[in-house]
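Pasting a structure below so you can have a look.
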Amino acid sequence: MPKITPNLWFDTQALEAAEFYVSVFPNSKVTNVSYYGEAGPRPAGTVLTVEFSLDGQDYTGINGGPEFTFDEAVSFLIDCADQEEVDHYWTELTADGGQESQCGWLKDKYGLSWQVVPAELGALMTDPDPERAQRAMAAMLTMRKLDVAALRAAADGA
């Protein structure tokens, strides 16, 4: 199968966004930057594309202009090991203008949607006891940032 690289369309902030993302995620780096030339359509010398890697997953950011913006139809899920990771990514990605949503979703300051999810959520939602799973689901639906202890307590009926 050929390699698939998500391509993120920005107005003018591709490099700034890439530098932000590589500061948030470990083992990440900007790998290449290309620039518009004399042919345009943007001024020569301004950033055209930014290639970057977030812990081994490659991405490309393009400064394509204001015609397209992000919406919740596409999001990136962060599978967090525990509450500490949930708290870390939630805090980093909502900083400086990011927006909390519900059920573990947020938008970062560039408008890109993320799901910050504890790994344990999957087990709670697919618990063999359907009532336990439904209690966990009901609790999740009341949350913005997901709280592992509260999800467990709800599943347990506490």
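None of the values given here were measured: they were computed from a predicted structure. Both backbone and side-chain heavy atoms feed into the values below; hydrogens, waters and symmetry mates do not.
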Inter-residue atom distance R135.CZ - D127.CG, 0.5 Å rounding: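 The CZ atom of R135 sits 8.5 Å away from the CG atom of D127.
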
Nearest heavy-atom neighbours spanning V116 and P118: O-CD, 4.1 Å

Considering all heavy atoms, the nearest E38-A44 contact: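 That closest heavy-atom pairing would be OE2-CB, 3.4 Å.
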
Main-chain N/O of V47 paired to N63 side chain as donor or acceptor, under 3.5 Å: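 Side chain of N63 to backbone of V47: a pair is present.
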
Salt bridge (Lys or Arg N to Asp or Glu O under 4.0 Å) assessment of K145 paired with D87: CA-CA 8 Å; K145 178 176 72 171; D87 294 346; 3.0 Å; yes

OG1-CG distance between T142 and D147, expressed to the nearest 0.5 angstrom: 9.5 Å

Gap separating the CG atom of D71 from the OG1 atom of T69, nearest 0.5 angstrom: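 It is 6.5 Å, given to the nearest 0.5 Å.
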
Qualifying ring-ring contact (aromatic ring centres under 6.0 Å, His included) pairs, either residue in residues 114-135, two or more places apart: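 Sorted pair list: Y21-W114, F25-W114, F76-W114.
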
V22-F20 co-clustered via ILVMFWY side chain contacts under 4.5 Å: yes

Residue pair D156 / R132, side-chain heavy-atom distance below 4.5 Å: yes

Hydrophobic cluster identity match, V24 and V86, side-chain contacts under 4.5 Å: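 As far as the 4.5 Å side-chain criterion goes, V86 and V24 are connected within one cluster.
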
Closest approach of G64 to R42 (non-hydrogen atoms, all atoms of both residues): C-NH2, 3.7 Å

Shared hydrophobic cluster, I78 / L151 (ILVMFWY, side-chain heavy atoms < 4.5 Å):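 No, I78 and L151 fall in different hydrophobic clusters.
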
Residues forming a salt bridge (Lys or Arg N to Asp or Glu O under 4.0 Å) with E51, sequence neighbours excluded: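 Result, salt bridge (Lys or Arg N to Asp or Glu O under 4.0 Å) vs E51: none returned.
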
Joint hydrophobic cluster, Y89 plus L77, side-chain heavy atoms closer than 4.5 Å: no

Flag, side chain of Q57 to backbone of D55, donor-acceptor distance under 3.5 Å: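 Side chain of Q57 to backbone of D55, a donor-acceptor pair under 3.5 Å: no, none is there.
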
Residue E100 excluded, over 12 heavy atoms near CD under 6.0 Å: yes

Taking every non-hydrogen atom, the tightest pair across A150 and M143: CB-CE, 3.6 Å

Polar side-chain atom of R144 near backbone of Q102 as donor-acceptor pair, under 3.5 Å: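 No.
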
Expected output: side-chain S34 to main-chain L48 donor-acceptor under 3.5 Å: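 No, S34 side chain to L48 backbone: no donor-acceptor pair under 3.5 Å.
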
Expected output: side-chain S28 to main-chain P26 donor-acceptor under 3.5 Å: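 Yes.
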
From CE (M137) to CG (L121), nearest 0.5 Å: 8.5 Å

Shortest non-hydrogen contact from A154 toward A139: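 Closest approach of A154 to A139, heavy atoms only: CB-CB, 3.4 Å.
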
Partners passing salt bridge (Lys or Arg N to Asp or Glu O under 4.0 Å) against D79 (at least two apart in sequence or in another chain):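 None.
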
Interatomic distance, M125 atom CE to Q134 atom CD [nearest 0.5 angstrom]: 7.5 Å

Cluster link V117 to L93, ILVMFWY, side chain under 4.5 Å: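 The answer is no; the residues belong to distinct hydrophobic clusters.
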
Heavy-atom side-chain contact between C103 and L141 under 4.5 Å: yes

Option passing ring pair (Phe, Tyr, Trp, His ring centres under 6.0 Å) with F70 (candidates W9, F10, Y110): F10

Gap separating the CZ atom of F52 from the OG1 atom of T31, nearest 0.5 angstrom: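 Reported to 0.5 Å precision, the distance equals 9.0 Å.
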
Any donor-acceptor pair under 3.5 Å from S75 side chain to E72 backbone: no

Close side-chain approach of L106 to S101, heavy-atom, < 4.5 Å: no

Minimum side-chain heavy-atom gap I62-F68 below 4.5 Å: no

Test side-chain contact (heavy atoms from CB on, under 4.5 Å) applied to V50 and E19, step by step: CA-CA 10 Å; V50 181; E19 289 172 342; over 6 Å; no

For the student: nearest non-hydrogen atoms of P41 and Y36, plus distance: CD-CE2, 3.5 Å

Within 6.0 Å of CD in E131, more than 12 heavy atoms from elsewhere: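 Atom CD in E131 is not crowded, with 12 or fewer foreign heavy atoms closer than 6.0 Å.
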
E84 backbone acceptor or donor facing D82 side chain under 3.5 Å: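 Indeed, once roles are kept as given, a pair shorter than 3.5 Å links the two residues.
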
